[in-house]
*Asks:* 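Starting off with a structure, shown below.
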Amino acid sequence: MECALEEARLAAGRGEVPVGAVLVSGGKVVARAGNRTLELNDPSAHAEILVIREACRQMRSQRLPAFDLYVTLEPCTMCAGAISFARIRRLYFGAEDTKGGAVINGVRFFDQSTCHHKPDTYSGLAQSDSETLLREFFAPKRHS
């Protein structure tokens with residue numbers, strides 16, 4: 001999770017919402033990224049999507065069943081869909097997202113009967129660090 005937090009810090013340094021993600025297989029980091037929606041002018045360039053794309057490219061497969069995803073913020077609906085379609089084995093995330101989250105908040109994507117694959121999900125990993133990054137990033141924006 002420390003690698004995901006580092007990617008979130010790097011994203012914040014670029015002016016992006018500080019979310020970082022890492023895909024791991026066999027104890028090895030295969031892909032890591034932070035949000036790049038502003039930099040790439042791409043609303044789908046969330047950290048989770050970027051690491052899934054990179055791992056799929058490396059593996060030459062659209063499926064990642066032996067992979068675990070670590071992300072600093074609860075995935076949104078778009079990212080939850082990508083996680084499901086990629087057949088990711090386990091999802092670990094830090095901070096809950098009561099506004100945009102779709103795993104334990106919002107639509108609870110993996111609990112829907114139309115969900116193709118539900119990863120094992122673990123929340124609260126490095127939660128305090130993840131929440132602090134987000135709070136510090138948004139604080140000046142809320143006061144201006």
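Values in this document were obtained by computation on a predicted structure and should not be read as measured data. Only heavy atoms go into these numbers, but all of them, side chains included; no hydrogens, no water, no symmetry mates.
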*Asks:* Under a 3.5 Å distance rule, please check whether Arg89 uses its side chain to pair with a backbone N or O of Ala66 as donor and acceptor.
*Replies:*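 Yes; at least one donor-acceptor contact below 3.5 Å.
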
*Asks:* I'd like to know if the side chain of Thr37 pairs up with that of Glu16 as donor and acceptor (distance under 3.5 Å, no hydrogens or angles considered).
*Replies:*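 Their side chains do contain a donor-acceptor pair, which is all the 3.5 Å distance test asks for.
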
*Asks:* Hey, does His116 have a side-chain heavy atom less than 4.5 Å from the side chain of Arg87?
*Replies:*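 Contact flag for Arg87/His116 side chains = yes.
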
*Asks:* Side-chain heavy atoms nearer than 4.5 Å, only ILVMFWY residues, links allowed to pass through others: does that put Phe93 and Phe137 together?
*Replies:*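 Linked within one cluster.
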
*Asks:* Judged by atom type as modelled, is there a donor-acceptor pair below 3.5 Å linking the side chain of Thr72 to the main-chain atoms of Leu5?
*Replies:*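 Side chain of Thr72 to backbone of Leu5, a donor-acceptor pair under 3.5 Å: no, none is there.
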
*Asks:* I'd like to know if the side chain of Asn35 reaches the main chain of Val17, judged simply by a donor and an acceptor atom lying under 3.5 Å from each other, with no hydrogens or angles considered.
*Replies:*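 Between the backbone of Val17 and the side chain of Asn35 there is a qualifying donor-acceptor contact (under 3.5 Å).
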
*Asks:* For the hydrophobic clusters of this structure (ILVMFWY residues joined by side-chain heavy atoms under 4.5 Å, transitively), does one cluster hold both Val29 and Phe67?
*Replies:*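 They do not share one cluster, since no chain of ILVMFWY contacts under 4.5 Å joins Val29 to Phe67.
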
*Asks:* Test of understanding: clusters of I, L, V, M, F, W, Y form through side-chain heavy atoms closer than 4.5 Å, transitively. Do Leu125 and Val22 belong to the same one?
*Replies:*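 In one cluster: yes.
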
*Asks:* Could you check if a side-chain atom of Leu23 sits within less than 4.5 angstrom of a side-chain atom of Glu48, using non-hydrogen atoms only?
*Replies:*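 When only atoms from C-beta onward are counted, Glu48 and Leu23 do not touch, as no gap falls below 4.5 Å.
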
*Asks:* Does a donor on one side chain and an acceptor on the other come within less than 3.5 Å for Ser44 and Asp42?
*Replies:*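 Yes.
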
*Asks:* Could you tell me which non-hydrogen atom of Ala47 sits nearest to which non-hydrogen atom of Ala33, and how far apart they are?
*Replies:*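 Where Ala47 meets Ala33 most closely, the heavy atoms are CB-O, 3.5 Å.
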
*Asks:* Between Pro18 and Ala11, which heavy-atom pair has the shortest distance, and what is it?
*Replies:*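 Scanning both residues, the minimum pair turns out to be CA-CB, 4.2 Å.
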
*Asks:* Can a donor-acceptor pair be found, under 3.5 Å and without considering hydrogens, that links the side chain of Gln112 to the backbone of Val107?
*Replies:*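 Yes, Gln112 side chain to Val107 backbone: donor-acceptor pair under 3.5 Å.
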
*Asks:* Within the side chain of Ser84, is there an N or O that forms a donor-acceptor pair under 3.5 Å with the backbone of Ala80?
*Replies:*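 It does not hold such a pair.
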
*Asks:* Check whether any side-chain heavy atom of Ile88 sits under 4.5 Å from a side-chain heavy atom of Ile52, and report yes or no.
*Replies:*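 They are in side-chain contact.
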
*Asks:* Considering all heavy atoms of both residues, which atom of Ala31 and which atom of Ala55 are nearest to each other, and what is their separation?
*Replies:*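 The answer is CB-N, 4.2 Å.
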
*Asks:* With clusters defined by side-chain heavy atoms of hydrophobic residues (ILVMFWY) lying less than 4.5 Å apart, directly or transitively, does Phe85 cluster with Met78?
*Replies:*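 No.
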
*Asks:* Distance check, rounded to the nearest 0.5 Å: Asp97 atom CG versus Ser130 atom OG?
*Replies:*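 Reported value, rounded in 0.5 Å steps: 11.5 Å.
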
*Asks:* Hey, what do you get for CZ (Phe110) to CD1 (Ile104), rounding to the nearest 0.5 Å?
*Replies:*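 The distance works out to 11.5 Å.
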
*Asks:* Could you please spell out the steps behind the side chain to side chain contact (heavy atoms under 4.5 Å, CB included) verdict for Arg32 and Glu6?
*Replies:* CA-CA 10 Å; Arg32 57 189 291 165; Glu6 178 58 28; 3.9 Å; yes

*Asks:* Answer yes or no: is there a side-chain heavy-atom contact under 4.5 Å between Ile83 and Leu91?
*Replies:*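 Yes, their side chains come closer than 4.5 Å.
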
*Asks:* Report yes or no: does Glu96 contribute a side-chain atom to a donor-acceptor pair with the main-chain N or O of Asn105 at less than 3.5 Å?
*Replies:*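 No; judged by distance alone, with no hydrogens or angles, the pair does not exist.
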
*Asks:* Looking at every non-hydrogen atom in both residues, tell me the closest pair between Ala102 and Cys76 and how far apart they are.
*Replies:*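 Smallest heavy-atom distance, with atoms named: CB-C, 3.5 Å.
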
*Asks:* Show, in sequence, the C-alpha distance, side-chain angles and deciding distance for Glu54 and Val30, and conclude whether the side chain to side chain contact (heavy atoms under 4.5 Å, CB included) test is met.
*Replies:* CA-CA 8 Å; Glu54 176 58 20; Val30 176; over 6 Å; no

*Asks:* Hey, is the main chain of Arg53 close enough, under 3.5 Å, to the side chain of Arg57 for a donor-acceptor pair?
*Replies:*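 No: the side chain of Arg57 does not pair with the backbone of Arg53.
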
*Asks:* Do Glu2 and Arg9 meet the salt-bridge criterion of a basic N to acidic O distance under 4.0 Å?
*Replies:*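 Glu2 and Arg9: salt-bridged.
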
*Asks:* Indicate, with yes or no, if Phe138 and Val71 share a hydrophobic cluster defined by side-chain heavy-atom contacts under 4.5 Å among Ile, Leu, Val, Met, Phe, Trp and Tyr.
*Replies:*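 Linked within one cluster.
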
*Asks:* Find the distance between CZ (Phe109) and OG1 (Thr121) and round it off to the nearest 0.5 Å.
*Replies:*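 The distance works out to 11.5 Å.
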
*Asks:* Working to the nearest 0.5 Å, report the span between OH of Tyr92 and OH of Tyr70.
*Replies:*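 Rounded to the nearest 0.5 Å, the OH-OH separation comes to 4.5 Å.
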
*Asks:* Quick test of your reading of the model: are Glu39 and Arg14 salt-bridged, counting only N-O distances below 4.0 Å?
*Replies:*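 The answer is yes: the pair qualifies as a salt bridge.
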
*Asks:* Using only atom types and a distance under 3.5 Å, with no angle test, would you say the side chain of Glu74 pairs donor to acceptor with the backbone of Val103?
*Replies:*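 Answer holds: yes.
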
*Asks:* With rounding to the nearest 0.5 angstrom, report the CG to SG distance, Leu73 to Cys79.
*Replies:*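 Separation between the atoms: 9.5 Å.
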
*Asks:* Does Ser61 use its side chain to pair, donor to acceptor, with the backbone of Met59 at less than 3.5 Å?
*Replies:*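 Looks like no, no N/O pair under 3.5 Å.
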
*Asks:* Keeping the roles fixed (side chain from His117, backbone from Cys115), state whether a donor-acceptor pair exists under 3.5 Å.
*Replies:*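 No, because the side chain of His117 does not come within donor-acceptor range (under 3.5 Å) of the backbone of Cys115.
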
*Asks:* Any side-chain heavy atom of Leu69 within less than 4.5 Å of one from Val51?
*Replies:*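 Counting from C-beta outward, Leu69 and Val51 do come under 4.5 Å.
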
